[in-house]
Amino acid sequence: MWNELLGAFFAVATLPNFVAMAAGIWGGVIIGAIPGMTGTMAVTLALPFTFYLPPVTSLLLLVALYKGSTYGGSISAILIKTPGTASAACTVLDGYPLARAGKGGKALNMALVSSCIGDFISNISLIFLAAPLAMFALRVGPPEYFMLMAFSLTIVASISGRSLLLGIISACLGLLLATVGEDMYGSFRFAVTEDMKSGLGVVPVLIGLFALPEMIKLAVFRPEEDTQAMKLGDNRLSFKEFQGSIKSIIRGSFIGVILGAIPGIGPSTAAFFSYSEARRTSKNGDRFGEGELEGIAASESANNGCCGATMIPLLALGVPGDVITGVMLGAFMIHGLTPGPMLFQNNIGEVYSLFIGMLFSSAFLFVAGTLTAFGFAKISRIPQQLLLPCIVILCVFGIYSVASSPFDVAVLLVMGIVGFVMMVLNIPAAPFLIAFILGPMFEDNMRRSLAISRGDIGVFFQSWISWGFFALTILFVALTIRREWQKWRSTSRATN
């Protein structure tokens with residue numbers, strides 16, 4: 001193995017490969033930072049340009065675009081409360097308050113360092129743990145998926161802010177909206193128009209919930225403090241601040257690796273899951289959501305930890321881990337490479353070259369992230385009465401460019417109004433979003449499981465994986481009830 005890795009190192013260390021990785025990382029960061037411009041779009045648009053490139057160079061370009069766009073979403077999430085990608089939605093919770101407090105540079109640096117560490121750990125895991133993790137992913141069927149989704153929905157308790165009741169209401173609204181469109185049996189629900197039959201897109205809902213309410217707030221209330229330019233503040237991330245977040249970074253990276261190896265989960269779920277665990281275990285958990293660097297570290301390490309891990313089922317089983325790796329599957333096939341167990345026998349040189357190139361890409365991500373974030377950081381110095389209209393134009397353009405759909409733009413605007421009403425009523429938006437993302441997977445896997453067992457609910461308890469997630473769900477719910485009970489008792493004593 002080591003001889004093959006050494007040979008792959010020299011094969012990758014060429015100028016064309018370095019240029020491809022640098023261009024991919026840089027382009028991915030910029031595209032990811034633009035609201036509505038997703039990594040899927042970047043990889044899809046780049047695919048035709050790889051037809052006449054060598055196989056390894058082509059794959060490294062696409063992987064670099066994937067990694068760059070995953071990190072790039074955090075830039076706009078921190079500076080303008082507009083996640084460039086769905087996986088950066090969790091970064092908004094602490095990133096934007098830090099930017100408002102004049103610590104935007106520090107938040108960007110924490111996001112970059114966490115992303116690079118998560119990405120590096122994910123790449124190492126891909127090299128050494130591909131086979132075991134792929135076998136684990138192979139054992140996860142619809143019942144196990146359902147239990148995992150049920151456990152993931154308990155994250156709502158950690159991102160509900162000060163009111164668990166309002167968080168649950170928000171999550172229920174998200175689950176309700178997730179049912180719009182066609183179900184697995186071909187029935188249509190809430191399909192008032194023809195466009196609604198295909199459901200609501202995650203990106204329009206995401207940007208509508210987090211970006212537009214700020215602009216409506218400025219137009220309606222015209223607060224004086226919002227018309228002032230934000231100060232970037234101190235860019236330096238101290239070693240003490242990094243040390244205080246290292247546990248969350250390592251834990252988030254491995255959460256990203258494990259969940260990324262399971263097809264269909266994706267970086268968004270991993271980011272919220274990591275954030276929930278960090279908040280639960282951190283001594284600063286009460287400050288999460290108000291501008292805590294550790295929250296950014298947990299989110300960004302997890303969503304970038306998914307990047308390499310989503311390649312595990314693709315390479316080992318031939319099963320794409322998410323939409324982007326599904327596009328990459330096409331690139332493999334175009335160049336005569338068939339992902340799956342035989343890939344490691346017939347094309348081991350290309351596989352190891354891809355592994356080494358992904359390690360190089362982590363270094364390129366750090367350099368490109370540093371330089372690009374510095375340029376984007378100047379956005380925070382623009383007065384918001386000038387900045388916000390530009391953001392609206394970018395949001396509308398980005399959403400329309402995905403599928404040239406006026407309906408998606410309408411969803412964006414409607415969700416902006418819904419998000420503003422939620423903001424006025426102090427209903428948190430994060431539970432809504434995570435429930436909207438997890439809702440379809442929760443429902444589909446429940447219905448598939450019951451169809452397999454012909455209605456027998458015992459199907460959910462036939463494997464140790466299902467029992468493990470069930471036990472974790474019960475434990476987390478019990479701890480949440482205990483915490484809320486203690487909070488209620490302390491409040492009652494204070495008022496008496």
Side-chain angles (χ1 to χ4, degrees), residues 34-38 40-41 73 76-77 80-93 95-96 156 159-161 166-182 189-221 266 268-269 271-272 387-441:
I34 299 174
M37 305 287 282
T38 63
T40 304
M41 179 191 300
S76 54
I80 57 178
K81 201 182 179 182
T82 308
T85 58
S87 59
C90 192
T91 307
V92 170
L93 302 180
Y96 187 68
V156 168
I159 56 178
S160 295
L166 291 178
I168 292 174
I169 292 173
S170 178
C172 290
L173 291 174
L175 287 173
L176 180 65
L177 210 62
T179 63
V180 174
E182 187 178 6
R189 299 169 299 188
F190 304 106
V192 180
T193 66
E194 190 69 23
D195 291 310
M196 293 181 71
K197 289 183 177 180
S198 57
L200 306 180
V202 173
V203 178
V205 172
L206 163 69
I207 296 179
L209 273 178
F210 285 99
L212 294 191
E214 289 292 321
M215 301 158 208
I216 299 175
K217 175 184 175 183
L218 179 65
V220 173
F221 296 114
S268 302
T269 304
F272 278 102
L387 176 63
L388 295 183
C390 297
I391 298 174
V392 174
I393 295 173
L394 274 177
C395 291
V396 173
F397 171 77
I399 294 300
Y400 185 78
S401 64
V402 173
S404 299
S405 171
F407 176 72
D408 286 344
V409 176
V411 172
L412 169 74
L413 300 177
V414 171
M415 291 309 302
I417 297 173
V418 172
F420 174 71
V421 173
M422 292 172 65
M423 178 189 294
V424 171
L425 298 177
N426 292 321
I427 299 176
F432 183 104
L433 180 64
I434 191 63
F436 180 77
I437 293 173
L438 296 179
M441 291 185 283

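Remember, predicted model here, so these are calculated numbers, not experimental data. When a residue number appears, it is its place in the shown sequence, counting from 1.
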Let me check something: any side-chain donor-acceptor pairs from residues 196-212 under 3.5 Å, sequence neighbours excluded? List them with distances.
unit_1: K197; atom_1: NZ; unit_2: E194; atom_2: OE1; d: 3.3
unit_1: S198; atom_1: OG; unit_2: D195; atom_2: O; d: 3.0

Show me, pair by pair, the donor-acceptor contacts under 3.5 angstrom made by side chains of residues 166-177, not counting sequence neighbours?
unit_1: S170; atom_1: OG; unit_2: P428; atom_2: O; d: 2.6
unit_1: S170; atom_1: OG; unit_2: F432; atom_2: N; d: 3.1

query: So, for M441 and T269, which heavy atoms are closest and what is the spacing to 0.1 Å?
result: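 That would be CE-OG1, 4.3 Å.
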query: A88 and A77: which non-hydrogen atoms are nearest, and at how many Å?
result: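 Smallest interatomic distance, heavy atoms only, reads O-CB, 3.7 Å.
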Identify, with sequence neighbours excluded, every residue that meets side chain to side chain contact (heavy atoms under 4.5 Å, CB included) alongside [X].
| X | answer |
| --- | --- |
| V409 | V396, I399, Y400, L413 |
| P213 | F420, M423 |
| L425 | V421, I427 |

- request: To the nearest 0.5 angstrom, please state how far the CG atom of L438 sits from the CZ atom of F272.
  value: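 Reported value, rounded in 0.5 Å steps: 9.0 Å.
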- prompt: What residues form a side-chain hydrogen bond (donor to acceptor under 3.5 Å, both in side chains) with T91, not counting sequence neighbours?
  reply: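 Applying side-chain hydrogen bond (donor to acceptor under 3.5 Å, both in side chains) to T91 gives S299, E300.
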